[in-house]
Number of protein chains: 2
Amino acid sequence: MQTRGEFGNVDGRSLDELAPRERVIRTASDLFYRLSINSVGIDRIIAESGVAKMTFYKHFPSKAALIATYLRDTRAIWFQMLATATEKPGLSTVERVLAIFDAIDEPLQARTFRGCSFARGLAEFGPEANTPEVQATIAEYFKELHEFVASLIEPLALGNPKRAVIQILSLIQGSFVMAQSIPDPEIVQANREAARLLLENDLAALSKRET
Amino acid sequence: MQTRGEFGNVDGRSLDELAPRERVIRTASDLFYRLSINSVGIDRIIAESGVAKMTFYKHFPSKAALIATYLRDTRAIWFQMLATATEKPGLSTVERVLAIFDAIDEPLQARTFRGCSFARGLAEFGPEANTPEVQATIAEYFKELHEFVASLIEPLALGNPKRAVIQILSLIQGSFVMAQSIPDPEIVQANREAARLLLENDLAALSKRET
DNA sequence: CCACAATTAGACAGACCTGTATGTATTTGC
DNA sequence: GCAAATACATACAGGTCTGTCTAATTGTGG
C-alpha cells in the first residue's frame, strides 16, 4: 500500500481503480515524500502511476503545479488531523494543545516518517528558487499553522501569547526534525511535557498577578 | 563577500587569492546553502569558482565527495562556535546551555539564514538515497550534536537527562525551522526562556526530592 | 452503433547533468 | 632556468530532465 505524506494514505483504494489524475497525485506524493521532490522526475512518476505523459500534462501544466498540488493536499490532510485531534469535546485549552503532540506521537515513530513536508520543501525551494507557486504554498502553510496555534491558545489569555506560540511551534517542528535524525520513542512525549510545563507556568504567573 | 553555511565566512580572504580546492569548497558551500544541494550542478560550481573541470575532479572524486566535504566543514565551524560559546569561564551549567541560544540568536535573524544545513541535507538525502558518504556525514552530525548537549547537561545530574536533551535539541532545531519559515526577532529568545524554565524546573524537582 | 472525449504509447527536442578525454598554459621546486 | 606538477580551456560521451508532438486505442453518452 502506498503512503501519502507524513500521515499515511487517506482511503485504502488501490492505485489502478482510481482516475488518472488521482493516480498521479498519489504516486507523486509517495515518491516526493520518500525521496525528495527534486530527485524524482516526471518520467518516474508517469511510469509508476501507469499514466501516459500527455495525460499527465493534460491535468498538470507543469511539474511545479503538481508539486503545489501535492503540498496543498498534504496541508489539507494535516490540518484535518489537527482539527479532529484538538476539537474533541470536553478538552481544556491546554489539553487541546497537548492533543497535537498526542496525535503526532505514533506517526513520528513510524519507520516511514521523513519529517515535515513543508520544512523539507523549504530546504529545496528556498527564497532564491524560481517556483513562485511552490514557495507561496509553503509560506501559506507556515502562516496557517502559526495562526492555528495562536487561535488555539487564545482563550488562555496569556500575558505573552506570541512567545508561547513560538515555543509550541518550535517544539512541534523540533519533534519532526528529531524524529528523523535521532529516532527515540520518547521524543514527542518529552516535548509534550515541555509544552505542558511552559503553558502551566505561564498560567500560574497569570493567576499570581491577579491576586 | 561570500557566506559559508549558517554562520558566515571564516576568514575574509577573497576567492581568487585562494588555492583551487579551497575556491571550489567556498563556492560550493555558498551555492549549496543558498539554493540546496541537488539544484546546484558541478558546472555552475566550476564556473563560479573559476576552476577547470579537470582540476575539480583531481581534488574531488565525485560530486558526493564535495558534498561530504561541505558538510564536514560546516560541522566543524558549527561545533567550533558551540565550543567557544559554551566554554566561557565562569558560566554555570545552565548558563552554558543558554549560551547556545545566545550564540545562534543573531545568525538566525540574518537575512541570509536558510536553516540547518544538516536538516536540509536530510531532506535531500534521506534513507532511500544512494549516497552513503553524504548520509553518513549527516548522521554523524546529529549524533555528535546529541552527545554534545548530553555531556553539557551531565553535571546537572538530572533525574531524566535524556528527556532534557530531547527538549533542548528540539528547541534548537525548532528555532532553525521557525527562523526561516516565520521570521520573528524573538524566536530564539523565546526558546531560550523555554530551555531555562525546563532546566530550572528539573533542578527544583531534584532539590525537592533531596529534602 | 457511432461520435467524441479521454487515455495510451512512444518518439523527439533542447537543455542540463556527471564525469572523461585531449591538449595547452602556468606555476612551482630545485 | 628547467623539469615536473598543477591548472587551464574546451569538447565530448552517455544519461536524465521537462515538456511537446503524432497517432493509435479505449471508454462513454446519446
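Labels below follow one simple rule: chain letters A, B, ... track the order of the sequence lines, proteins then strands, and each chain is numbered from 1.
In this model, a side-chain donor or acceptor of A:K53 finds a partner on the base of D:dG19 within 3.5 Å.
Here the OG1-OH distance, from A:T27 to A:Y70, works out to 13.0 Å after rounding to the nearest 0.5 Å.
For the pair B:L66 CG and C:dC17 C1', the computed distance is 15 Å after rounding to whole Å. Following rounding to the nearest Å, B:F56 (CZ) and C:dT18 (C1') show an atom-to-atom distance of 9 Å. Note: OH (B:Y57) to C1' (C:dA21) measures 13 Å, nearest angstrom. Whole-Å rounding puts the A:R21 CZ to C:dA5 P distance at 21 Å. The separation between A:R23 atom CZ and C:dT7 atom C1' is 9 Å, rounded to whole Å. As a whole-Å value, the separation of B:E22 CD from D:dT6 P is 17 Å. A:M54 has its CE atom 12 Å from the P atom of C:dT8, to the nearest Å. If you take CD1 of B:I42 and P of D:dA13, they are 21 Å apart, rounded to a whole angstrom.
Nearest nucleotide to the side chain of A:K58, out of D:dT18, C:dT7, D:dA7: C:dT7. Distances were taken from every side-chain heavy atom of B:D43 (C-beta onward) to each of D:dT18, C:dT18, D:dA7; the shortest belongs to C:dT18. Checked against D:dC8, D:dT18, C:dT8, the side chain of B:V51 finds its nearest nucleotide in D:dC8.
Ion pairing of B:E186 with A:K162 is present here, as a side-chain N (NZ or NE/NH1/NH2) and a carboxylate O approach within less than 4.0 Å.
Open room surrounds CD on A:E106; 12 or fewer heavy atoms of other groups in view lie less than 6.0 Å from it.
Between A:W78 and A:Y141, the ring planes are tilted. Angles from 30° to 60° get that label.
Between A:H59 and the phosphate of C:dA6, there is no side-chain N or O to OP1/OP2 separation shorter than 4.0 Å.
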